[in-house]
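Following: one structure in structure tokens, then a few remarks.
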Amino acid sequence: MSRQTEGQQFASALGMGNASPEGPRGDSPVLPPPAGPLYEAKPKPGSARAAEGETLEVAVGPHHPSTHGVFRMDVVLDGERIISLKPRFGYLHRNHEKLCEGGTYLMAIPYTDRLDYFCSLTNNWAYVLAVEKLAGVEAPERAEYLRVITAELTRLLNHSCLVGFLLQDMGAMGTPLMYAFREREKLVDLFEELTGARMMCNYMRFGGCRTDASAGWLERTRRVVDDFPRFLDEFEDLLTSNEILLARTQGVGKLSAELAINAGVTGPMLRASGVAYDIRKAAPYGIYERFAFRVPVGEHGDVYDRYMIRMLEMRESVRILKQALKEIPEGPVLNPKARRRNFRPPVGEAYGRLEAPKGELGFYLISDGSPRPYRFRIRAPSFINLTILEDMCLGHTLQDAVIILGSVDIVMGEVDR
Amino acid sequence: MRDPEKSSELEETAPPGLPSFQEIRRILEERVEGLRLEFIPNPAAPDQSSFCVPTEFALETARILRDDPRFALDFCSNVTGVDWLDQTVEETILHRETTDEGERTIKEIVRRRRPGFLEAVYHLYSMRARRGPLVIRQRTANRIDRVRVASLTPIWRSAEFQEREVYDLFGVRFEGHPDLRRILMWDEFKDYPMRKDYVEPDDYEYEPTPQGEAAAKARRHYPYGGAR
Amino acid sequence: MSGLGNNASGTPGEEKGASSMLGLGILKGLGVTLRNFLGSYRDPERLITVEYPEERLPLPEQSRAFPMLIYDGEDPIGGLRCVACKICEKECPSQCIYIVKDRDARGRPMKRPKIFDLDISTCMGCGICAEVCPFDSIKMDAAYERSAESRFERLLLRKEDLAKPNAYYHKIHPTEAAEADARLGIASPEPEAPPEGAPEKAA
Ligand code: SF4
Ligand code: SF4
């Protein structure tokens, strides 16, 4: 059996790529196969076997459990090594930007929840940050604290789930993910109590937050936050020194600091490569300069460092949360001067950005003085972090590509917008 | 609506951590021969005003912005397109006039038609020196056939996917981009959906509560008074 | 896990934080799962799953699902607070509200809706309509089990389906409802008033 057919069998057994054109129902019309590949995937020069043309093309996705949504990687394999990997997006493209250009400034807030549906609160904040910069509105003190608290809770939620998913990609079926979801449940319960919804919070407004937090909510949050390090210890016992995890992640998917900076990689990915750049420190927004916290930095830039950075970042988030929950003052949560209906920012443009759990999330708005934004642009961290996916995967095997993708931390709602 | 007085005032402001816009213009025009930068004031957020860089100098200017230690803008955060339709702009021109009462300034408002163009906007930061943003723009000559600008992907790799997105959704062609294909829309798609005059295909689906444009569309498909 | 033996990632990783004896890390991890497993027998707090739908958690007060229209008094249609000002229709991001003002015999517009439709197949439950309504008429319901077989029948709610008594509002969002009553200057209904179609809740 030649290598090619072996690979094809493997691919079709997994439901990837060249499966037989007949669907499960025999009577459905079979579409003619496309005339040729949509673009030529060229093998890398220098590979001897590639020169003989013995390569295998596999389309991983769009429906594949490891691709975190509807995402496709067109992979060219030489033996087991990846010699080319082209990400293909757009399966979830709904032209979010145009949608928001058609509505008022207020209408865009619930849509931002749906970008990265794990982190609706940081998405809300990034958007209102840009609008506040554009219109020169300020939020009251208590609202700023609530923003920090909800954003850091979001970070805990995102990072713990990500670690669970990463382990799931590695083959640890269930356990780490279930432990992460057990903690997530406590956090989304807090969100529901504060904002009315577990995931689509729609919480922040220009000049503050929509609802105030009760004393009981703050107390429960304190309890959850105080409990969180115990979960982190347990999680680390479970994972950090696990030999399988070490073998699968160390030295895999290395990314150099130079390339990471040049390719605009942000967030934990960048810090794992050794660049101490966190917008909360580099260009503090909100009230972050009041809190003491450290920025964990990796040194190898591999998947293990990315995992570790997230574990450490959660501990720093707990630190910020403890300070914020102690210091939060009483007061209003909404600036009475900020309007919701008929809100017309002055002519101009603004770019607002913050450190979302996945990286730098930015909103670029152009106002022409009307109630609708003339231009509404989202700088989505998971989209831009995928730029170097191919560079990280070259030379690795397909199973490593899966965990490299997992360590990038993408959510397709944000990648495709 | 550009007030020349205000414009030069705004030019004295500086983007965070960088020299003032005047100074930046001086440095760049000194280093790149023949470069003329147009200052685009931004009254809402003066520190995010921008420069429009002529396409033919864009690559060279970008390289200086990245490599010159006075800027060191090593991180291109955001690349996006903007579509500007043909519009009538009002410009205020200041005349100085000497009358018997002395010198005075007369403001004259001139209306002129500005042909539409597409714009690529870059937000540049410095990760090492914690500066920015400096906003630069490139403009195409029109919206129809002369839609080329220079790709800055050779300078900042982060522009790779974002320029592809601008090409995909706005139809700006980036000269020198290594792999300019559609990214979010499928390859066979014809139009550019983010343009302001994009007409969506007439693939109406019944909607129980149509309003506005959707209601007009419903009426076209259901001639007896819309969906209800 | 088949990936164990043939992890050929090209560059062998350095041994970071690895235990002195191979396999100790795995055993430590297994210890954690064992602790959790045995702990679930000892401590009922550790049993965190809820056997939905037999068992339900109480919803927090803020919880929202889809909008409803509040009426005062006995008559669900005549008592609607809505004056058909169409503000919510304009502000709804997904444009899923459709309102037609009622007219009297002589064709003058009246302060009540003739048609008030809400398409919950496109509603995203954001609550903006409730936020902008100046008459405290449209509010967020907490009933979330709204699945239906057809997109157009049970998901397109008419004003008859949307109308809910003030007492129901008081039951699901007591604080908010009391504030609304104070704003409107009406007496709050009896707390025991039988709520209609209230979601079943088990504490
Ligand atoms: S529900 Fe409120 S906002 Fe909507 S039409 Fe009725 S009164 Fe106006
Ligand atoms: S909840 Fe949001 S989407 Fe639903 S009707 Fe109200 S405003 Fe529209």
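Each chain gets a letter, A, B and so on, in the order the sequences are listed, and its residues count up from 1.
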- So which part of A/Phe89 gets closer than 4.5 Å to some heavy atom of chain B, the side chain, the backbone, both or neither? both
- B/Arg131 portion near chain A, given a 4.5 angstrom heavy-atom threshold: neither
- Task: Please work out which of the three classes, parallel, tilted or perpendicular, describes the rings of A/Tyr374 and B/Trp84, given edges at 30° and 60°.
- Result: parallel
- Message: Counting only heavy atoms from other residues, nucleotides and ligands, does the tally under 6.0 Å from CZ of A/Arg94 exceed 12?
- Response: yes
- Query: Under the 3.5 angstrom rule, does the side chain of A/Arg375 hit a backbone N or O of B/Gly81 as a donor-acceptor pair?
  - Reply: yes
- Query: Got A/Phe376 and B/Thr80 here, is their nearest side-chain heavy-atom distance under 4.5 Å?
  - Reply: no
- Hey, what do you get for OH (B/Tyr125) to CZ (A/Arg353), rounding to the nearest 0.5 Å? 4.0 Å
- Message: Are A/Arg417 and B/Leu184 packed together at the side-chain level, in the sense that at least one heavy-atom pair is separated by less than 4.5 angstrom?
- Response: yes
- Spell out the residues in residues 160-168 of chain B that have some non-hydrogen atom less than 4.5 Å away from a non-hydrogen atom of chain A, in order of number; otherwise answer 'none'. B/Glu160, B/Phe161, B/Gln162, B/Glu165
- Task: Tell me, out of B/Asp179, B/Asp74, B/Thr153, who's got the most heavy-atom pairs with chain A below 4.5 Å.
- Result: B/Asp74
- Query: Backbone N or O of B/Val79 within a donor-acceptor pair of the A/Arg377 side chain at under 3.5 Å?
  - Reply: yes
- chain B contact via A/Glu97 - which portion, at a heavy-atom distance below 4.5 Å: both
- Task: Would you give the length of the straight line joining atom CZ of A/Arg88 to atom CG of B/Asp187, rounded to the nearest 0.5 angstrom?
- Result: 5.0 Å
- Item | Shortest non-hydrogen contact from B/Phe75 toward A/Ile261 | CD1-O, 4.2 Å
- Task: Flag the one option from A/Pro346, A/Gly136, A/Gly348 with the top tally of heavy-atom pairs under 4.5 Å to chain B.
- Result: A/Gly348
- A/Ser367 versus chain B, heavy atoms under 4.5 Å apart: side chain, backbone, both or neither? neither
- Query: Tell me, side chain or backbone of A/Ala350 under 4.5 Å from chain B's heavy atoms, or both, or neither?
  - Reply: both
- One option among B/Met127, B/Arg182, B/Met185 has the most heavy-atom pairs under 4.5 Å with chain A, and it is B/Met127
- Message: Under 3.5 Å, is there a donor on one side chain and an acceptor on the other for A/Thr387 and B/Arg157?
- Response: no
- Message: Between A/Arg379 and B/His123, is the side-chain contact (heavy atoms from CB on, under 4.5 Å) condition met? List the steps.
- Response: CA-CA 10 Å; A/Arg379 189 248 188 236; B/His123 286 80; over 6 Å; no
- Counting heavy atoms not belonging to B/Arg63, are there more than 12 under 6.0 Å from its CZ? no
- Message: Test your reading of the model: is there a side-chain donor-acceptor pair from A/Asn262 to the backbone of B/Ile155, 3.5 Å cut-off?
- Response: yes
- Message: Which heavy atom of A/Ala282 sits nearest to which heavy atom of B/Arg130, and what is that distance?
- Response: CB-CD, 3.3 Å
- What's the shortest heavy-atom distance between B/Ser158 and A/Ile384, and which atoms? CB-CG2, 4.4 Å
- Query: Can you check side-chain contact (heavy atoms from CB on, under 4.5 Å) on A/Tyr351 and B/Asn78, steps first, answer last?
  - Reply: CA-CA 9 Å; A/Tyr351 179 64; B/Asn78 180 40; 3.7 Å; yes
- Donor-acceptor pair, side chain of A/Lys98 and main chain of B/Pro193, under 3.5 angstrom: yes
- B/Arg128 with A/Glu258: basic N within carboxylate O range, under 4.0 Å: yes
- Task: Side chain from CB out, backbone as N, CA, C, O: work out which of these in A/Asp391 comes under 4.5 Å of a heavy atom of chain B, or both, or neither.
- Result: side chain
- Interface moiety of B/Asn42 toward chain A, non-hydrogen atoms closer than 4.5 Å: side chain
- Message: Is the distance between the ring centroids of B/Trp186 and A/Tyr91 under 6.0 Å?
- Response: no
- Item | chain B contact via A/Leu270 - side chain, backbone, both or neither, heavy atoms under 4.5 Å | side chain
- Message: Between A/Ala135, A/Ala263, A/Gly90, A/Gly264, who has the most heavy-atom pairs with chain B when the cutoff is under 4.5 Å?
- Response: A/Ala263
- Item | Segment of A/Asn95 engaging chain B (4.5 angstrom heavy-atom cut-off) | side chain
- Message: Out of A/Ile366, A/Asn385, A/Val415, return the one with the most heavy atom pairs under 4.5 angstrom to chain B.
- Response: A/Ile366
